[in-house]
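Heads up: numbering here begins at 1 and tracks the sequence. Side chains are part of it too, since the values below use all heavy atoms of this structure and drop only hydrogens, waters and symmetry mates. As the structure is a prediction and not an experimental result, all values here were calculated from the model.
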Amino acid sequence: MNNLKVTRPEDPVDVSIVVPIYNELENVPILLGEITAVMQAGPYSWELICVDDGSTDGTAEALAQAANSQPEVKLVRLRRNFGQTAAMQAGIQHASGNVVVTMDGDLQNDPRDIPAMLEKIDQGADLVLGWRRQRQDRLFSRKIPSRIANWLISRTTGVAVHDLGCTLKAIRADLARNLELYGEMHRFIPVLAHRLGARTVEMETHHRPRQFGTTKYGIGRTTRVVLDLLTVQFLLKYFDSPMKLFGKMGLIVGALSWLCFSAAGIMKVLGGVDLTGNPLLILSVLGTILSVQFFGLGFLGEVNARIYFAANGKQNYQVRELVNFGPGSSGPRRRAA
């Protein structure tokens, strides 16, 4: 599996499987058994990182017992329920593999799809997305809201993906660690990866009906997803240079303000209209103030963007590969042919 060995010098395992789990006690033993059976039958070294997202039903204790008895199983236990995105980010940050596979802990994702995803990574993909084409969920509470969200996000961001909500994904670790996940951003992983120039492949995966328990992430998160969509759009277009957004808005408002002021002036000079309380004059003053505020926000955004890149050692680019560089260079490397 040579193509997977591209990130960390110590290269401890090929694959890290990250599973956020919240109150899934009945599903835990079945899930661990299925993943173990699939991965032991394959050629990859692996680890299973279970992230307990503040469970209260004994899930954490069951996972701790599994981690103590099986060397491949590791447990990250969060202090409280932080949500699926935070749990996924915690798992990715603690993963040591060259490829990170994320999946749900409710048994609806099928671990038997993992080897096919890893093969696509080996063939050159950076991100393999699961597509639950035959989704086994309720129509009105799950399927229809998901289809609407997928359509809205795809149309808004320009990233054409059938199933943005499928947790089952395989991601190269160097890409996964550069994804900044918060809020409900795990749904936007394909969009964020596209922003970084990732080669993305979509693959049909099996989706099974839930056997035990109830879903923890339902229709109530729709509002948060819509708000996060606005954030993603800003990140995609204006994160590196906020002045392009706020400056444009400042110019538009300033132009409208000038038009209002000009119209008020014409009314005064040619028509002798008393401008006391004139709405056009008031609009011109308010527009000027608003225009200055937009430009101020743009300048502050530019300063903050530069502070972000400088203080965190970030760059506004991503390196796919370094050819014939020494071992001290960061990023995927290969020797010149």
For [X], all residues meeting side chain to side chain contact (heavy atoms under 4.5 Å, CB included), sequence neighbours excluded:
{"X": "Ala170", "value": "Val99, Val101, Met117, Ile121, Val128"}
{"X": "Leu78", "value": "Val51, Asp53, Val76, Phe82, Ala87, Ala90"}
{"X": "Thr167", "value": "Gln84, Met88, Thr102, Asp104, Asn109"}
{"X": "Thr36", "value": "Gln40, Trp46, Gln70"}

Go through the structure and list residues passing side chain to side chain donor-acceptor pair (under 3.5 Å) with [X], not counting sequence neighbours.
{"X": "Ser241", "result": "Glu302"}
{"X": "Asp110", "result": "Arg112"}
{"X": "Glu34", "result": "Arg208"}
{"X": "Ser55", "result": "Asp52"}

Residue among Val18, Ile189, Thr200, Val100 satisfying side chain to side chain contact (heavy atoms under 4.5 Å, CB included) with Lys169: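 Testing Lys169 for a side chain to side chain contact (heavy atoms under 4.5 Å, CB included) against Val18, Ile189, Thr200, Val100 leaves exactly one candidate, Ile189.
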
Stepwise side-chain contact (heavy atoms from CB on, under 4.5 Å) test for Leu297 and Gln293: CA-CA 6 Å; Leu297 286 173; Gln293 290 180 328; 5.6 Å; no

Is there a donor-acceptor contact under 3.5 Å from the side chain of [X] to the main chain of [Y]?
{"X": "Arg172", "Y": "Ala125", "result": "yes"}
{"X": "Asn98", "Y": "Val13", "result": "yes"}
{"X": "Ser45", "Y": "Asp14", "result": "yes"}
{"X": "Thr59", "Y": "Glu24", "result": "yes"}
{"X": "Asp122", "Y": "Leu118", "result": "no"}

Met39 and Leu48: CA distance, side-chain angles, deciding distance, side-chain contact (heavy atoms from CB on, under 4.5 Å) verdict: CA-CA 10 Å; Met39 297 309 297; Leu48 171 58; over 6 Å; no

To the nearest 0.5 Å, what is the distance between [atom1] on [X] and [atom2] on [Y]?
{"X": "Asn23", "Y": "Asp57", "atom1": "CG", "atom2": "CG", "value": "4.0 Å"}
{"X": "His194", "Y": "Leu127", "atom1": "NE2", "atom2": "CG", "value": "12.0 Å"}
{"X": "Lys120", "Y": "Arg199", "atom1": "NZ", "atom2": "CZ", "value": "14.0 Å"}
{"X": "Leu175", "Y": "Leu192", "atom1": "CG", "atom2": "CG", "value": "9.5 Å"}
{"X": "Asp113", "Y": "Cys166", "atom1": "CG", "atom2": "SG", "value": "8.5 Å"}
{"X": "Gln108", "Y": "Met103", "atom1": "CD", "atom2": "CE", "value": "11.0 Å"}

If you group Ile, Leu, Val, Met, Phe, Trp and Tyr by side-chain heavy-atom gaps below 4.5 Å, do [X] and [Y] land in one group?
{"X": "Tyr44", "Y": "Val19", "answer": "yes"}
{"X": "Val38", "Y": "Ile30", "answer": "yes"}
{"X": "Leu25", "Y": "Leu31", "answer": "no"}
{"X": "Val253", "Y": "Leu280", "answer": "no"}
{"X": "Leu290", "Y": "Leu256", "answer": "no"}

Could you pull out the closest heavy-atom pair between [X] and [Y], with the gap in Å?
{"X": "Thr205", "Y": "Gly130", "value": "CG2-CA, 3.7 Å"}
{"X": "Ala173", "Y": "Gly97", "value": "CB-O, 3.2 Å"}
{"X": "Ile49", "Y": "Ala95", "value": "CD1-CA, 3.4 Å"}
{"X": "Phe294", "Y": "Phe246", "value": "O-CB, 3.3 Å"}
{"X": "Ala62", "Y": "Val28", "value": "CB-CG1, 4.4 Å"}

Summary of side-chain hydrogen bond (donor to acceptor under 3.5 Å, both in side chains) pairs that have at least one residue in residues 253-270, sequence neighbours excluded: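 Listed by first then second residue: Ser257-Thr288.
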
Under 4.5 Å side-chain linkage, directly or through intermediates, the cluster mates of Leu251: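 The other cluster members (ILVMFWY side chains, heavy atoms under 4.5 Å, direct or chained) are Met243, Phe295, Phe299.
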
Summary of salt bridge (Lys or Arg N to Asp or Glu O under 4.0 Å) pairs that have at least one residue in residues 37-47, sequence neighbours excluded: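 Pairs touching residues 37-47 that pass the test: Glu47-Lys74.
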
Salt-bridge present (Glu61, Arg77; N to O < 4.0 Å): yes

Pairwise ring-ring contact (aromatic ring centres under 6.0 Å, His included) hits with a residue in residues 108-133, at least two apart: Trp131-His162

Verdict with supporting geometry, Cys50 and Leu32, side-chain contact (heavy atoms from CB on, under 4.5 Å): CA-CA 10 Å; Cys50 300; Leu32 299 184; 4.0 Å; yes

Other residues, nucleotides, ligands: >12 heavy atoms within 6.0 Å of Glu204 CD: yes

